[in-house]
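Encoded as structure tokens, the structure appears first; notes follow it.
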2 protein chains.
Amino acid sequence: MTIQETTREGTGARPAGRPRSEKAEKAIIEATLDLIAEGMGVSELSIEAIASKAGVGKTTIYRRWSNKEDLVVDALATLRAPLPPLTGESARDDLITLLDVMRKESGQARGRCVMNVAMSEADRHPRLMERFMKRSVEPRKQAMRQTLERGVTTGELRADLDLDIATAMLTGTMLHHTKWAPAGDLPVDLAERVVDAVMTGIAARD
Amino acid sequence: MTIQETTREGTGARPAGRPRSEKAEKAIIEATLDLIAEGMGVSELSIEAIASKAGVGKTTIYRRWSNKEDLVVDALATLRAPLPPLTGESARDDLITLLDVMRKESGQARGRCVMNVAMSEADRHPRLMERFMKRSVEPRKQAMRQTLERGVTTGELRADLDLDIATAMLTGTMLHHTKWAPAGDLPVDLAERVVDAVMTGIAARD
DNA sequence: CCGATACGCAACGGACTCGTTTCGTAAAGG
DNA sequence: CCTTTACGAAACGAGTCCGTTGCGTATCGG
């Protein structure tokens with residue numbers, strides 16, 4: 001939420017004078033994301049670097065956001081990837097679809113940056129992360145949960161399934177790959193292989 | 001490796017003058033780890049803060065390490081947790097033992113700090129991480145791999161097991177919990193539940 | 001055209017960190 | 001005792017970033 005939106009709240013009146021440049025606004029957000037994507041931590045981000053990269057005066061930033069945290073929250077919020085459409089026909093297919101979003105995102109600097117920030121800055125900026133999680137992570141978590149529950153009711157998945165551990169197995173396995181796999185893109189069939197492995201388990205059949 | 005060790009290399013000669021204080025050395029390492037454990041990123045660490053917390057002059061630090069990166073590598077290296085003894089009797093038991101190390105570590109600020117640094121600074125300080133990984137992560141990875149391989153040969157685990165994905169499932173699931181579980185310590189039986197879930201899989205039996 | 005506001009730019013004082021140097025003192029060997 | 005090296009403390013010049021201010025210009029409504 002920008003200061004602009006805040007101060008105009010309620011009144012439909014258009015303020016006098018030159019209106020704010022939407023182009024500048026976008027440039028600031030983009031520059032912020034680019035810097036984070038380049039490996040910057042939130043604490044290392046400098047308003048001056050953002051302004052410089054965005055081709056914008058610092059004034060223009062401070063006029064919109066009163067501090068770095070607000071800017072970062074707004075910037076990360078623009079990354080909300082839309083949930084992929086789920087057919088609901090097969091839990092396996094839907095899980096693959098959900099996990100494949102993670103694989104695709106991990107190939108983009110933008111996606112990696114979100115993960116990095118989410119993982120490493122949670123301790124340092126708890127309020128920031130709380131807001132971000134609620135906006136961006138929670139919907140996906142819900143989608144996976146529903147998919148798992150549906151799989152249980154259809155009999156495709158174990159009746160005694162522990163939803164928390166199942167979620168952790170699926171997303172955690174992908175997470176492990178995105179963070180520690182040898183450099184380069186992940187294999188295109190990774191999500192499928194992971195889902196099958198998680199479904200089947202590693203124990204030998206009796 | 002400290003400068004001291006480097007310069008004395010080979011010669012068994014004791015140098016003249018006052019010897020370096022081992023107490024100061026330890027205090028510096030401890031202060032570094034404490035600061036990281038408090039949520040500091042490597043880039044935010046300041047030599048001055050370390051010196052102050054350690055009750056030591058900056059000179060004493062620069063005399064031993066020529067830059068921050070070397071100091072951090074040495075500090076993290078002292079955290080090498082010894083591998084737990086593995087019985088080799090049961091793959092399940094050994095896997096639980098291995099994963100339980102992760103659970104215990106995640107309850108300590110020290111353990112969390114290592115994870116945070118490893119996850120978030122890999123992009124920014126690739127050489128640092130390469131060194132750290134080789135020293136601290138590789139041994140555990142090997143132990144898990146051997147445990148899995150042994151499980152396959154004994155018939156306890158699937159013959160067609162994909163070692164990479166199996167490793168990712170086990171450590172990734174724990175990772176997911178340590179980073180995103182609700183605050184507080186992880187349940188004591190988490191490792192056991194994870195191993196059983198990974199072994200069994202989530203699919204319904206035919 | 002006028003007042004109001006936003007723009008990019010440059011500069012400010014203050015705070016912090018860097019890596020180095022200087023100081024007086026402490027602890028070892030010869 | 002004397003040399004050598006390490007110690008903690010303090011100060012250094014250089015650099016970065018902070019959040020703010022002033023400047024001349026651009027763009028809106030009236």
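So that the names make sense, note that chain A is the first sequence line, chain B the second, and so on, each numbered from 1. Owing to the predicted nature of the structure, the values given are computational and were not obtained by experimental measurement.
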Using whole Å, report how far CG of B/N67 lies from P of C/dT17. 18 Å
Separation of atom OH in B/Y62 from atom P in D/dA6, rounded to whole Å: 17 Å
Of all residues at least two apart in sequence or in a different chain, which pass the ring pair (Phe, Tyr, Trp, His ring centres under 6.0 Å) check with B/H177? none
Can you tell me how far P of D/dT16 sits from NZ of A/K68, to the nearest Å? 16 Å
Looking at DNA chain D, which of residues 43-53 of chain B put a heavy atom within less than 4.0 Å of it? none
Residues which pass side-chain hydrogen bond (donor to acceptor under 3.5 Å, both in side chains) with A/Q146, listed by chain and number, not counting sequence neighbours: none
Considering residues at least two apart in sequence or located in another chain, which fulfil the side-chain hydrogen bond (donor to acceptor under 3.5 Å, both in side chains) criterion with B/E48? B/K58
Please state how far atom CG in B/L71 lies from atom P in C/dC18, giving the value in whole angstrom units. 11 Å
Just to verify, what does A/R158 make a salt bridge (charged side-chain N to carboxylate O under 4.0 Å, His left out) with, not counting sequence neighbours? A/D160
Between C1' of D/dA6 and CD1 of B/I28, the distance in whole Å: 12 Å
Polar atom pairs between nucleotides 5-10 of chain C and protein, under 3.5 Å, N or O only, would you list them?
unit_1 : atom_1 : unit_2 : atom_2 : d
C/dT5  : O2     : A/R18  : N      : 3.2
C/dA6  : OP1    : A/R20  : NE     : 3.3
C/dA6  : OP1    : A/R20  : NH2    : 3.4
C/dA6  : O4'    : A/R18  : O      : 3.2
C/dA6  : N3     : A/R18  : NH1    : 3.2
C/dC7  : OP1    : A/S21  : N      : 3.3
C/dC7  : OP1    : A/R64  : NH1    : 3.0
C/dC7  : OP1    : A/R64  : NH2    : 2.7
C/dC7  : OP2    : A/R63  : NH1    : 2.3
C/dC7  : OP2    : A/R64  : NH1    : 3.3
C/dG8  : OP2    : A/T60  : OG1    : 2.4
C/dC9  : N4     : A/T59  : OG1    : 2.8

Sequence neighbours excluded, the answer for side-chain hydrogen bond (donor to acceptor under 3.5 Å, both in side chains) partners of B/E149 is none
Residues in side chain to side chain contact (heavy atoms under 4.5 Å, CB included) with A/D162, at least two apart? A/D164, A/I165, B/R193
Testing the basics here: between B/L148 and B/A166, what is the closest heavy-atom pair and its distance to 0.1 Å? CD1-CB, 3.9 Å
Can you list the residues that meet the side-chain hydrogen bond (donor to acceptor under 3.5 Å, both in side chains) rule with B/N67, with sequence neighbours excluded? none
Separation of atom NZ in A/K23 from atom C1' in D/dT27, rounded to whole Å: 14 Å
